[in-house]
Amino acid sequence: MKFQVEYDTFTEAVTWVARTIPNRPAIPVLAGMKITAKEEGVITLGSRDSDISSHIEIDGEVLDTGEILVNGKLLADICRNLPNKAITFSLEDNKLEIECGTTRFSMKIMTMDDYSELPEMPEIIGKVDGSIWEEAVSQVSIAASHDDTLPMLVSICIEISGNQISLLATDRYRLALRELAWEAKEENLEKRILVRSARLLEIAKSLGSSSVNIHLDSLENPSLLGFSAAGKQNTVQLTDGEYPQVRSLFPTEVEGSASVDREEMLNAIKRSRLVVEKNSAVRLSLQPEELVIEAGQGEVAQASEVIGAKLAGEEIKLAFNPVFLQDALSVIKEENMHLSYTQATKPVVISGENAKGEVNKDFSILLMPIRTFGEN
């Protein structure tokens with residue numbers, strides 16, 4: 001095998017594929033990246049973990065066809081540090097020889113005896129704007145659990161209903177919902193699937209802003225989800241099980257709402273966290289024209305800050321996990337935060353609100369208030 005490629009093209013491709021390779025592979029062969037040089041001048045790179053795979057095709061000058069398996073992360077490190085010149089790869093005496101200008105590297109190849117082929121890309125079921133998809137997954141993933149013993153709750157639920165996709169995630173203390181439009185191949189498509197949040201977010205970020213095709217291996221009993229964009233392909237195993245019907249947790253009626261400058265609120269929460277002890281809450285007092293934010297108890301340290309607010313409804317005092325509140329504010333894109341409530345101990349819904357006072361109903365996050373000492 002022998003081929004030559006441009007530095008930028010190959011370095012970008014090998015870096016992208018290497019993301020899938022685990023830092024501590026369960027079996028040695030998973031550290032490998034498969035490189036194939038084809039007659040038509042196409043070079044393919046692929047890698048996999050137990051539940052995810054990456055595959056990309058690039059153009060190059062193929063002088064001799066063949067395929068090899070090498071340590072993928074090491075190859076990516078080498079390529080990123082080469083001079084910006086054409087790179088020549090050749091197989092000699094069971095070693096991959098890398099030449100770039102006057103720089104030379106030699107890598108031992110790995111045996112492919114135990115390396116299983118990458119999964120076939122399933123059929124396309126529709127496509128979505130890549131930048132919108134990345135934003136949606138990023139917003140919802142903050143509410144997914146990080147406890148790997150709860151496979152349902154570390155996953156994002158993808159609900160497909162015709163030309164609309166809904167993403168849901170919860171860790172039992174908060175619940176995020178994002179709805180977006182997409183181009184479904186079948187207008188009557190109805191499906192509900194689960195994917196690990198970390199995997200879905202990793203893929204969404206890596207595919208960029210171009211149009212993303214979504215693939216599914218079966219409409220009856222799916223087990224594999226695929227994504228493709230601009231020559232890049234990913235597959236990921238689905239999570240087994242039935243996701244709880246969490247939509248009903250969003251209150252159908254509210255007693256009041258408040259509008260607060262999002263950036264001002266976010267900075268205030270960050271400051272209040274400096275004096276919040278572990279498992280303690282930040283306290284919010286909503287009044288007609290202001291929001292009082294308090295944190296800290298006892299004699300060690302306390303903080304208090306007042307920011308402007310527009311209140312519609314009765315005054316109320318609420319307490320929240322400050323990390324959850326900060327996460328929610330961080331993923332809202334609008335100028336203002338819109339908070340709707342019923343009672344101090346009932347779920348609160350946070351959304352974005354633009355300068356015209358219009359609430360963005362495409363993304364909402366539900367937070368459970370914390371009952372503070374002294375409440376009835």
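The figures that follow rest on heavy atoms only: side chains count, while hydrogens, waters and symmetry mates do not.
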Answer yes or no: does atom [atom1] of [X] have more than 12 heavy-atom neighbours from other residues, nucleotides or ligands under 6.0 Å?
X    : atom1 : answer
E6   : CD    : no
K333 : NZ    : yes
Q164 : CD    : yes
Y173 : OH    : no
E277 : CD    : no
E289 : CD    : no
E39  : CD    : no
K2   : NZ    : no

Do [X] and [Y] have side-chain atoms, one donor and one acceptor, less than 3.5 Å apart?
X    : Y    : value
S155 : T239 : yes
S141 : S197 : no
D147 : S145 : no
E334 : N360 : yes
R247 : S166 : yes
S161 : E190 : yes

4.5 Å side-chain heavy-atom contact, [X] and [Y]:
X    : Y    : answer
L168 : I158 : no
R48  : P119 : yes
M337 : V260 : yes
I365 : L175 : no
F363 : E135 : no
T44  : I35  : no
L291 : V306 : no
I193 : L216 : yes

Notebook entry, point to check: Do we get R174 above F324's six-membered ring, with its NZ or CZ under 6.0 Å from the centre and within 45° of the axis?
Noted result: yes
Item checked: Derivation of the salt bridge (charged side-chain N to carboxylate O under 4.0 Å, His left out) call for R192 and E242 -> CA-CA 9 Å; R192 202 166 189 253; E242 185 66 28; 3.3 Å; yes
Next item on the list: Starting from the C-alpha separation in whole Å, work towards a yes-or-no answer on side chain to side chain contact (heavy atoms under 4.5 Å, CB included) for S218 and E123.
Entry: CA-CA 8 Å; S218 169; E123 292 291 325; over 6 Å; no
Next item on the list: Verify side-chain hydrogen bond (donor to acceptor under 3.5 Å, both in side chains) between S90 and E97, making sure each step is shown before the conclusion.
Entry: CA-CA 5 Å; S90 58; E97 303 294 336; over 6 Å; no
Margin query: Walk me through whether I307 and E305 qualify under side chain to side chain contact (heavy atoms under 4.5 Å, CB included).
Written below: CA-CA 7 Å; I307 61 177; E305 187 165 344; 4.2 Å; yes
Next item on the list: Quick one: do T9 and D59 satisfy side-chain hydrogen bond (donor to acceptor under 3.5 Å, both in side chains)? Show the steps, please.
Entry: CA-CA 8 Å; T9 301; D59 295 327; over 6 Å; no
Is it true that [X] and [Y] fall in one hydrophobic cluster, defined by side-chain heavy atoms closer than 4.5 Å?
X    : Y    : result
F89  : I68  : yes
L96  : F3   : yes
L201 : L238 : yes

Note to self: According to side-chain contact (heavy atoms from CB on, under 4.5 Å), who are the partners of S131, at least two apart in sequence or on a separate chain?
What the structure shows: D129, S209
Check: Going through the checks in order, is the salt bridge (charged side-chain N to carboxylate O under 4.0 Å, His left out) test met by R199 and D51?
Finding: CA-CA 9 Å; R199 291 303 198 195; D51 63 336; 2.9 Å; yes
Next item on the list: Start with the C-alpha gap between S54 and S47, add the side-chain angles, then the distance that decides, and say whether side-chain hydrogen bond (donor to acceptor under 3.5 Å, both in side chains) holds.
Entry: CA-CA 5 Å; S54 296; S47 65; 4.6 Å; no
Next item on the list: Could you list all the side-chain hydrogen bond (donor to acceptor under 3.5 Å, both in side chains) pairs where at least one residue sits in residues 76-86, not counting sequence neighbours?
Entry: T15-R80, D77-R80
Check: Between K34 and E67, is a salt bridge (charged side-chain N to carboxylate O under 4.0 Å, His left out) present by the stated rule, with each step listed?
Finding: CA-CA 7 Å; K34 185 177 179 181; E67 61 180 21; 3.5 Å; yes
Next item on the list: Please report the C-alpha distance between Q4 and T88 in whole Å, then the side-chain angles of each, then the deciding distance to 0.1 Å, and finally whether the side-chain hydrogen bond (donor to acceptor under 3.5 Å, both in side chains) criterion is met.
Entry: CA-CA 4 Å; Q4 187 177 75; T88 300; 3.0 Å; yes
Margin query: Between D148 and R196 (salt bridge meaning N to carboxylate O under 4.0 Å), is one present in this structure?
Written below: yes
Notebook entry, point to check: Do the side chain of K73 and the main chain of I21 share a donor and acceptor less than 3.5 angstrom apart?
Noted result: yes
